[in-house]
There are 2 protein chains.
Amino acid sequence: MEYVHDIISALSKQGYRLTPQRLMVVSAIENSEDHISAEEIYSQVVVRYPNVNISTVYRTLELLKRLGLVTETDLGGGRVRYHPADKGHHHHLVCQECGAMIDLDESLLGPLQDALLREHNFIADLRHLAIHGRCVDCRR
Amino acid sequence: MEYVHDIISALSKQGYRLTPQRLMVVSAIENSEDHISAEEIYSQVVVRYPNVNISTVYRTLELLKRLGLVTETDLGGGRVRYHPADKGHHHHLVCQECGAMIDLDESLLGPLQDALLREHNFIADLRHLAIHGRCVDCRR
DNA sequence: TTGATAATTGCAAGTAGTTGCAGTTACAAT
DNA sequence: ATTGTAACTGCAACTACTTGCAATTATCAA
């Protein structure tokens with residue numbers, strides 16, 4: 001409820017226009033309890049601003065991602081979700097059985113990142129990683 | 001050039017029909033030097049069998065994936081590629097700059113898999129993982 | 001305030017893949 | 001060889017985006 005203005009002011013500071021469409025997309029992301037989909041954002045915005053186009057929502061999400069203000073997580077099976085970047089926890093474990101999402105501490109991926117750099121000279125971008133598998137409850 | 005018949009006989013053995021469309025999709029995957037896209041498979045098949053539908057190609061790929069005969073790799077940016085599963089090397093490093101693909105040894109992911117099991121009771125399915133980042137040549 | 005103008009939007013068409021359904025067909029059993 | 005039938009295919013419509021372009025508009029400077 002605070003960093004709405006952080007995102008807005010970040011946009012403004014970097015010379016991007018504060019259009020009503022953008023403001024509404026940002027507040028939809030902010031006001032969602034957990035992760036929100038593009039379609040959910042659209043249907044919230046369209047109530048107050050009936051002739052928004054879904055492409056504007058996607059373009060705004062693209063911008064916010066590029067500026068590092070919003071994080072996109074691909075949960076697999078066509079489920080893509082968004083959340084404010086400063087809420088932290090960028091990694092997710094996604095259960096293929098029940099869809100449960102477990103937040104993952106970054107430290108677990110540090111050693112992998114190091115190994116890739118050492119053995120392949122590759123700078124891995126692990127910020128938005130979703131690892132699929134089976135959670136405790138769905139193990140046999 | 002050998003395992004074409006492995007895939008075909010695996011299908012047959014498990015009670016799946018050997019339709020001309022399936023045979024052609026399999027041979028397209030087999031005869032491609034490196035990884036091949038769904039659209040490339042389709043355009044190869046359509047030459048010899050003009051009224052195949054692209055949905056048949058996708059359904060065949062889905063089946064081959066499910067049976068573990070073919071591996072799908074999502075290179076990001078809408079680029080999805082297929083290759084026979086028994087060619088091994090299931091992990092890939094994908095350069096976000098130049099698109100280069102580096103094959104990754106499974107052993108590097110073992111410690112991560114162990115840590116996820118130990119700390120989150122989560123059985124990670126890392127078979128078809130693509131890690132994005134920057135390769136040697138594109139580092140500044 | 002008013003204008004100028006480049007950023008942004010809406011629209012319509014396109015891409016990549018999915019799905020329901022009615023018709024076709026590979027394959028087993030006769 | 002013929003036939004029954006469930007597996008499979010083609011089709012058309014649909015989902016989840018993406019893109020080019022002409023019209024609109026937030027913002028700045030006068």
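We name chains A, B, ... by the order of the sequence lines, and we start the count at 1 in each one.
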Worksheet item: Within less than 4.0 Å of OP1 or OP2 of C/dA26, is there a side-chain N or O belonging to B/Gln21?
Response: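 Answer is no, no contact under 4.0 Å.
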Worksheet item: Counting only side-chain N and O atoms of A/Tyr58, is one of them less than 4.0 Å from OP1 or OP2 of D/dT18?
Response: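 False: A/Tyr58 side-chain N/O out of range (4.0 Å or more) of D/dT18 OP1/OP2.
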Fill in: A/Thr60 or B/Pro20, whichever maps to the more 5' nucleotide of DNA chain C
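Its nearest nucleotide being more 5', the pick is A/Thr60.
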Discussion item. Please compare B/Ser55 and A/Thr56 by the position of their nearest nucleotide in DNA chain C and report the one closer to 5'.
Written reply: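 The residue closer to the strand's 5' end, by nearest nucleotide, is A/Thr56.
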Expressed as a whole number of angstroms, how long is the span from [X]:[atom1] to [N]:[atom2]?
| X | N | atom1 | atom2 | result |
| --- | --- | --- | --- | --- |
| A/Glu62 | C/dA7 | CD | P | 17 Å |
| A/Lys13 | D/dT27 | NZ | P | 15 Å |
| A/Arg22 | C/dT8 | CZ | C1' | 6 Å |
| A/Asp74 | D/dC17 | CG | C1' | 13 Å |
| A/Leu11 | D/dA26 | CG | P | 15 Å |
| B/Glu40 | C/dA16 | CD | C1' | 14 Å |
| B/Leu23 | C/dA26 | CG | C1' | 11 Å |
| B/Tyr49 | C/dT25 | OH | C1' | 9 Å |

Nearest 0.5 angstrom please: [X] [atom1] to [Y] [atom2], how far?
| X | Y | atom1 | atom2 | answer |
| --- | --- | --- | --- | --- |
| B/Leu63 | B/Gln14 | CG | CD | 8.5 Å |
| B/Leu11 | B/Asp6 | CG | CG | 11.0 Å |
| A/Leu23 | A/Glu30 | CG | CD | 12.0 Å |

Worksheet item: Checking A/Arg22 side chain against A/Arg17 main chain: does a donor-acceptor pair fall under 3.5 Å?
Response: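 Yes; judged by distance alone, with no hydrogens or angles, the pair exists.
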Discussion item. Would you say that B/Tyr42 contacts B/Thr56 through its side chain, given a criterion of any heavy-atom pair below 4.5 Å between the two side chains?
Written reply: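 No. Closest side-chain heavy atoms not under 4.5 Å.
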Single-linkage hydrophobic cluster, 4.5 Å side-chain cutoff, [X] and [Y] together:
| X | Y | result |
| --- | --- | --- |
| A/Leu61 | A/Leu18 | yes |
| B/Val136 | A/Leu126 | no |
| B/Ile123 | A/Met101 | no |

Item to complete: Report the residue (B/Leu63 or A/Ile54) whose heavy-atom-nearest nucleotide on DNA chain D is the more 5′ of the two.
Response: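 Upstream on the strand: B/Leu63.
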Practice prompt. Indicate yes or no: does B/Glu62 engage B/Arg59 in a salt bridge with an N to O separation below 4.0 Å.
Written response: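 Salt bridge flag = no for B/Arg59 with B/Glu62.
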Discussion item. Evaluate B/His92 against B/His35 for ring pair (Phe, Tyr, Trp, His ring centres under 6.0 Å), listing each step before the verdict.
Written reply: CA-CA 12 Å; B/His92 303 88; B/His35 299 50; 5.4 Å; yes
Discussion item. Just to be sure I understand: a Watson-Crick pair is purine N1 to pyrimidine N3 plus N6-O4 or O6-N4, both under 3.5 Å. Using that and G-U wobbles, which stems of three or more pairs involve DNA chain C?
Written reply: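 Detected stem regions: C:1-30 with D:1-30.
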Worksheet item: Could a donor-acceptor pair under 3.5 angstrom be found where the side chain of A/Arg59 meets the base of D/dG20?
Response: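 Result: at least one qualifying N/O pair found.
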Discussion item. Applying a 4.0 Å non-hydrogen cut-off, can you work out what B/Tyr42 is touching in the nucleic acid: base, sugar-phosphate, or nothing?
Written reply: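 Answer is nothing: B/Tyr42 stays at 4.0 Å or more from every strand.
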I'd like a list of close polar pairs between nucleotides 27-30 of chain C and the protein, N/O only, cut-off under 3.5 Å.
residue: C/dC27; atom: OP1; partner: B/Leu18; partner atom: N; Å: 2.9

